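All figures in this text were calculated on a predicted structure; none of them were measured in a lab. By convention here, the first residue in the shown sequence is residue 1. These numbers come from the heavy atoms of this one structure, side chains and all, not from hydrogens, waters or symmetry mates.
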Amino acid sequence: MQTLKDIKIGDTVRVKKLGGEGAVRRRIMDMGITKGAKIYVRKVAPLGDPIEITVRGYELSLRKADAEIIEVE
């Protein structure tokens, strides 16, 4: 199982499964991160938090904790 947190800068992946529950899962889905969406990892902060990604034409920053619940392939 590989999560978004493990992806290197410059890689593009596809969302396989979303973990979490309740408000956290809903917030991630509202940002456009759903099953099958392609995600490009643009930048990672020096300490690994946050991670800057591009999804569906938008640039987003995710906390490391949120990236850990997004399973990718």
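R27 meets the salt bridge (Lys or Arg N to Asp or Glu O under 4.0 Å) test with D66; sequence neighbours excluded. For the side chain to side chain donor-acceptor pair (under 3.5 Å) test, residues two or more places apart in sequence or in another chain that qualify with E59 are R42. Every residue two or more places apart in sequence or in another chain was checked for a side chain to side chain donor-acceptor pair (under 3.5 Å) with T54, and none qualifies. Partners of K43 by side chain to side chain contact (heavy atoms under 4.5 Å, CB included), not counting sequence neighbours, listed by chain and number: E52.
Closest heavy-atom contact between A37 and R56: CB-NH2, 3.6 Å.
Atom NZ of K64 and atom NZ of K5 lie 6.0 Å apart (nearest 0.5 Å).
Listed by first then second residue, pairs satisfying side-chain hydrogen bond (donor to acceptor under 3.5 Å, both in side chains) with a partner in residues 6-17 read T3-D6, not counting sequence neighbours.
Annotation for E73: atom CD counts as buried by contact number, over 12 foreign heavy atoms lying within 6.0 Å.
Clustering of Ile, Leu, Val, Met, Phe, Trp and Tyr by side-chain heavy atoms under 4.5 Å joins V44 with L4, I7, I9, V13, V15, L18, V24, I28, M29, M31, I33, I39, V41, I51, I53, V55, L60, L62, I69, I70, V72.
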